[in-house]
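Following: one structure in structure tokens, then a few remarks.
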Amino acid sequence: MDRKEMQNTRLYLLAAFLVLALAAYLFVLYDVQVIHHDGYAAQAIRSIVRPEKVEASRGIITDRNGRPLVSNRSTYDLTFDADLLRPGEDSNEAILRLVQLCQSEGVAWSDNLPISRLAPYRYTVDQLDGQQQKLFLTYLKSLKPCADALGEYLLRHPEAVSTPEPEPEEGSAPAEELSVKKRAEALLERLIPADLTEDLLMDSGVTPAQLMGAMREELGIPENYTMTQARMVLGVQYELSVRKLDNYAAYVLAQDIDTPFISLLSDGNYAGAKVTLSSVREYETTCAAHILGYVSKITIEDDYPSLKKKGYDYDDLIGKEGAELAFEEYLKGQDGLRMVSTNDEGKITGEYYKTQPVPGNTVELTIDLDFQAQVEGFLEETVTRLNADGDEGRGAGAAVIQVGTGEVLALASYPTYDLSTWRKDFAVLRDDPTRPMFNRASVGSYPPGSTLKPFTAMAGLLSGNTTLTEKIKDTGRWGYPLDEANSYFNCWKRSGHGYLNVTQAITNSCNYFFGEIGYRMGMEEFRKYLAMFGLGEKTGIEIPETAGTLPENPQGQDQAPWAAFGQSTQLYSPLQLANYVATLVSGGKHCQAHLLKAAKAYDNSSVVATGNTEPVNTIDISGEYLNAVKQGMKGLVEGTLSPYFRNCVVSAGAKTGTSQVRADTKNHGVFVCFAPYDDPEIAVAIAIERADAGAALASTAVNILNAYFTPGEDDSSVTGENQLLP
């Protein structure tokens with residue numbers, strides 16, 4: 001082969017090599033870009049992108065007219081995330097810088113390590129809530145020096161564990177044959193948060209100093225840190241540690257930070273710090289505190305493991321009381337997921353949403369804000385007037401229900417409190433003897449007194465124990481036929497009312513007449529009709545309420561005559577009384593009391609749920625029976641109560657009640673009414689503690705009726721005349 005041919009061969013081989021190299025490159029490129037594109041793309045994204053939760057705003061709460069009651073205010077939170085630290089950056093140093101900034105700027109930061117922040121260091125375990133105690137115990141069990149010390153102590157004092165030892169499995173070794181280590185582990189496992197007292201910790205040798213020393217060693221806190229600096233860092237490291245136990249790394253260090261503080265964070269390049277957009281509940285009214293309730297962080301009572309499955313994180317807020325709790329499933333939004341890319345310095349270079357957050361639903365309540373405010377004001381005015389006698393410990397409750405639907409139009413309790421400041425004022429509110437946080441309208445229970453007489457009249461008619469034409473002679477004293485000398489009661493009018501029919505008995509509030517009806521019915525039948533009208537059981541309202549107490553016969557006694565005119569052992573809430581009156585004047589439609597008008601998507605695109613307005617049960621009440629009872633209640637309005645009702649803008653029926661408590665205590669006042677008389681729209685019930693008699697509440701009731709039937713007009717409140725009625 002000559003020289004020229006050799007050169008050509010070399011060129012051909014080189015060309016072939018280049019072609020093969022190009023082919024291999026194209027194959028690899030095709031494999032990466034086409035065949036395995038998704039896998040390599042995901043791998044590339046994971047290397048530069050990290051996921052972040054995007055908090056969804058909580059749904060707002062409005063009144064029946066769409067006026068906001070509770071909304072959200074946008075805020076900024078300071079979050080510390082150790083995953084944001086660059087290689088070589090010390091987390092302890094980053095935490096110390098950040099906490100010292102908070103300290104210098106007066107910004108409070110979250111630190112639930114139950115050791116005081118300043119020397120002399122002591123435990124503050126008793127200040128933790130149930131969830132925090134559970135997390136602290138879990139952390140101690142994970143910290144070997146503390147776990148060993150606790151286990152050794154429990155071996156010597158097994159009685160310190162309140163949880164009983166489980167039954168041994170068949171074939172397992174007896175407890176005494178187990179190794180010391182295994183026995184200690186078993187005792188430690190049975191330890192519960194309630195067992196974890198300061199005394200147990202100190203007696204076991206897990207003193208604050210020992211715990212902090214173990215934590216410093218575990219977390220690598222530098223020796224040159226002072227104890228004060230170490231305690232500051234340990235508080236944050238503890239928060240991070242308990243979250244890692246639950247696979248949740250980041251945590252909110254400080255909430256609701258202002259713009260100047262954010263500028264300091266940005267200018268100082270604080271490692272691990274991140275400012276996130278958040279929101280807090282904003283109360284648009286000082287009214288309806290007992291209805292609206294509040295939100296708070298998740299505690300052990302909320303069963304966090306089950307909430308976690310529903311998408312909750314440890315730091316999330318959840319409804320705790322009132323509508324916030326009752327409608328949690330509607331109010332909670334669906335958190336989104338954002339993918340954030342960062343450079344090698346940890347700065348964000350881009351972001352995109354994998355899942356957009358969906359705000360919570362708008363919950364529309366049945367109450368009317370203006371009307372609710374007026375009812376609360378009327379209660380305050382009445383109690384203030386009554387307190388002029390020197391008894392300043394009174395409380396009051398009122399309920400207004402829409403007849404035929406069960407919608408609660410107003411539910412007021414006095415004294416009340418301000419939801420926007422209740423956390424700050426909690427200690428004062430808790431110790432206030434008037435119990436302003438107690439909802440007297442739905443949880444308070446009172447003897448109904450004579451307000452039960454319209455019910456007894458209807459029950460007597462329906463059961464056939466009296467008729468429309470029967471007249472019973474009231475001699476002033478009713479005695480039990482077999483023991484009249486020892487078992488009797490007096491009518492409030494000692495001389496007696498003479499012959500009365502059922503309508504006249506209601507108007508004159510005749511104890512004798514209704515005691516006789518109760519005697520004829522007997523307790524068992526009387527209780528049956530009480531239940532039909534919803535008394536002695538919960539109304540179904542979505543917030544906490546009492547079931548009340550039905551009357552019952554003591555051993556060997558018949559209390560039915562006394563129960564029939566509202567005495568004996570029975571107790572009901574103003575809400576229950578209003579609901580019974582609504583059932584009565586509707587002609588027997590017993591509806592569930594409720595606060596939910598509707599739950600709608602945040603953009604009003606759909607209705608998620610509506611309140612149940614269908615009757616729970618229907619009582620067959622004839623028009624004649626209904627008219628007879630209503631006329632009796634109207635007779636009271638046109639008679640003895642006429643000085644109060646002459647200023648009422650609508651015709652009404654009413655019944656007063658004196659709720660007897662003890663011989664040494666003033667009687668409670670109870671009042672029920674409905675309006676308009678011909679076609680009832682609302683039923684009202686009021687109870688005021690130690691008001692002495694129900695007539696003292698008549699002016700309050702008239703003010704409520706006027707406020708409802710003349711909305712938006714000037715106040716035309718009625719001044720009471722202090723006339724007392726049974």
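When a residue number appears, it is its place in the shown sequence, counting from 1.
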Could you please spell out the steps behind the side-chain contact (heavy atoms from CB on, under 4.5 Å) verdict for Ile401 and Val684? CA-CA 7 Å; Ile401 289 183; Val684 181; over 6 Å; no
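- The two residues Ile688 and Ala396 make their nearest non-hydrogen contact at CG1-CB, 3.6 Å.
- Taking the side chain as every heavy atom from C-beta outward, Asn501 and Glu470 never approach each other to under 4.5 Å.
- A distance-only check finds a donor-acceptor pair linking the side chain of Arg527 to the backbone of Pro551 [under 3.5 Å].
- For Ser442 (side chain) and Pro544 (main-chain N/O), a donor-acceptor pair under 3.5 Å exists by modelled atom type.
- Remark: the Thr700 side chain and the Asn703 side chain contain no N/O donor-acceptor pair separated by less than 3.5 Å.
- At distances below 3.5 Å, at least one donor-acceptor pair connects side-chain atoms of Glu545 with backbone N or O atoms of Gly540.
- If you check the side chains of Asn387 and Arg394, you find a donor sitting under 3.5 Å from an acceptor.
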Show your working on side-chain contact (heavy atoms from CB on, under 4.5 Å) between Val629 and Thr503 and close with a plain yes or no. CA-CA 6 Å; Val629 174; Thr503 298; over 6 Å; no
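- Remark: the backbone N or O of Ala323 is not paired with any side-chain donor or acceptor of Glu542 at under 3.5 angstrom.
- The closest side-chain heavy-atom distance from Phe565 to Ser450 is not below 4.5 Å.
- Considering every non-hydrogen atom in both Cys510 and Asp474, the closest pair reads SG-OD2, 3.3 Å.
- For the pair Val408 and Val400, the minimum side-chain heavy-atom distance is 4.5 Å or more.
- One distance of note links CD of Glu364 with CG of Asp63; it measures 7.5 Å at 0.5 Å rounding.
- The only member of Val383, Thr384, Thr382 that meets side-chain contact (heavy atoms from CB on, under 4.5 Å) when paired with Glu380 is Thr384.
- Contact annotation: the side chain of Ile543 approaches that of Asn439 to within less than 4.5 Å [non-hydrogen atoms, C-beta and beyond].
- A distance-only check finds no donor-acceptor pair linking the side chain of His594 to the backbone of Thr539 [under 3.5 Å].
- Across Gly404 and Lys589, no two heavy atoms sit closer than the pair O-NZ, 3.6 Å.
- Ser509 pairs in a side-chain contact (heavy atoms from CB on, under 4.5 Å) with only one of the listed residues (His497, Lys655, Lys493), which is Lys655.
- Annotation: cation-pi geometry satisfied between Lys634 and Tyr677 (NZ/CZ under 6.0 angstrom from ring centroid, within 45° of ring axis).
- When all heavy atoms of Thr546 and Ser573 are compared, the closest pair comes out as CG2-CB, 3.8 Å.
- Just one of Phe489, Tyr488, Tyr480 meets the ring-ring contact (aromatic ring centres under 6.0 Å, His included) condition when paired with Trp562; it is Phe489.
- Annotation: side-chain hydrogen bond (donor to acceptor under 3.5 Å, both in side chains) contacts involving residues 612-629, sequence neighbours excluded, comprise His590-Asn617.
- Ring centroid separation for the pair Trp478 and Phe513 does not come in under the 6.0 Å cut-off.
- Surrounding CZ of Arg423 are more than 12 heavy atoms belonging to other residues, nucleotides or ligands, all under 6.0 Å away.
- Ionic pairing of Arg430 and Asp425 is not present here: no N-O contact between side-chain nitrogen and carboxylate oxygen is shorter than 4.0 angstrom.
- Within the 4.5 Å cutoff, the side chain of Leu596 has no heavy atoms near those of the Thr366 side chain.
- If you take CD on Glu638 and CE on Met633, they are separated by 13.0 Å, rounding to the nearest 0.5 Å.
- Contact record, Leu292 with Cys287: CD1-O, 3.9 Å, taken as the closest heavy-atom pair.
- You'll find the side chain of Thr466 reaches within 4.5 Å of the side chain of Leu461, heavy atoms only.
- Checking Gln402 against Thr405 by side-chain atom types alone, a donor-acceptor pair falls below 3.5 Å.
- One finds no salt bridge joining Glu324 and Lys320 here, because no Lys/Arg side-chain nitrogen approaches an Asp/Glu carboxylate oxygen to under 4.0 Å.
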Dump the intermediate steps for ring pair (Phe, Tyr, Trp, His ring centres under 6.0 Å) on Phe533 and Phe455, then the final yes or no. CA-CA 8 Å; Phe533 280 81; Phe455 158 79; 5.3 Å; yes
Glu689 and Arg440: salt bridge (charged side-chain N to carboxylate O under 4.0 Å, His left out), yes or no, with the steps? CA-CA 10 Å; Glu689 296 161 5; Arg440 289 169 166 85; 2.8 Å; yes
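- Taking both residues in full, the closest heavy atoms of Asn579 and Ala593 are given as ND2-N, 4.3 Å, listed atom of the first, atom of the second, then distance.
- Expressed to the nearest 0.5 Å, how far CG of Asn553 lies from CE of Met523 amounts to 4.0 Å.
- For the atom pair CZ (Phe674) and CG (Asp679), the distance works out to 11.0 Å, reported to the nearest 0.5 Å.
- Tyr283 places none of its side-chain heavy atoms less than 4.5 Å from the side chain of Asp418.
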Just do the side-chain contact (heavy atoms from CB on, under 4.5 Å) check on Met458 and Tyr529 with the steps written out, would you? CA-CA 9 Å; Met458 184 59 71; Tyr529 278 92; over 6 Å; no
What verdict does the salt bridge (charged side-chain N to carboxylate O under 4.0 Å, His left out) test give for Lys528 and Glu524, after you've listed the backbone C-alpha separation in whole Å, the side-chain angles of each residue and the deciding distance to 0.1 Å? CA-CA 6 Å; Lys528 181 185 76 173; Glu524 184 176 349; over 6 Å; no
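- Separation of atoms CG (Leu535) and CG (Leu571) is listed at 11.5 Å; rounding is to 0.5 Å.
- No more than 12 heavy atoms of other residues, nucleotides or ligands shown are found within 6.0 angstrom of CD on Glu552.
- In this structure, the side chain of Gln372 engages the main chain of Leu411 through a donor-acceptor pair within 3.5 Å.
- To the nearest 0.5 Å, the span separating CZ on Arg690 from CG on Asp389 amounts to 9.0 Å.
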With side-chain contact (heavy atoms from CB on, under 4.5 Å) as the criterion, how do Ile682 and Leu705 come out once you've worked through the C-alpha distance, each side chain's angles and the decisive distance to 0.1 Å? CA-CA 9 Å; Ile682 64 171; Leu705 295 179; 3.7 Å; yes
Using the rule given for ring pair (Phe, Tyr, Trp, His ring centres under 6.0 Å), can you reason through Tyr417 versus His290, listing the C-alpha separation, both sets of side-chain angles and the distance that settles it, and then say yes or no? CA-CA 8 Å; Tyr417 62 102; His290 299 94; 5.3 Å; yes
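- With sequence neighbours excluded, no residue forms a ring pair (Phe, Tyr, Trp, His ring centres under 6.0 Å) with Tyr499.
- Using a 4.5 Å cut-off on side-chain heavy atoms (C-beta onward), Pro448 and Leu577 make contact.
- The backbone N or O of Ala398 lies less than 3.5 Å from no partner atom in the side chain of Ser413, so there is not a single donor-acceptor pair.
- For Tyr446 and Tyr572, the distance between ring centers is not under 6.0 angstrom.
- Note on Glu407 versus Lys597: salt bridge recorded, some NZ/NE/NH1/NH2 to OD/OE distance being below 4.0 Å.
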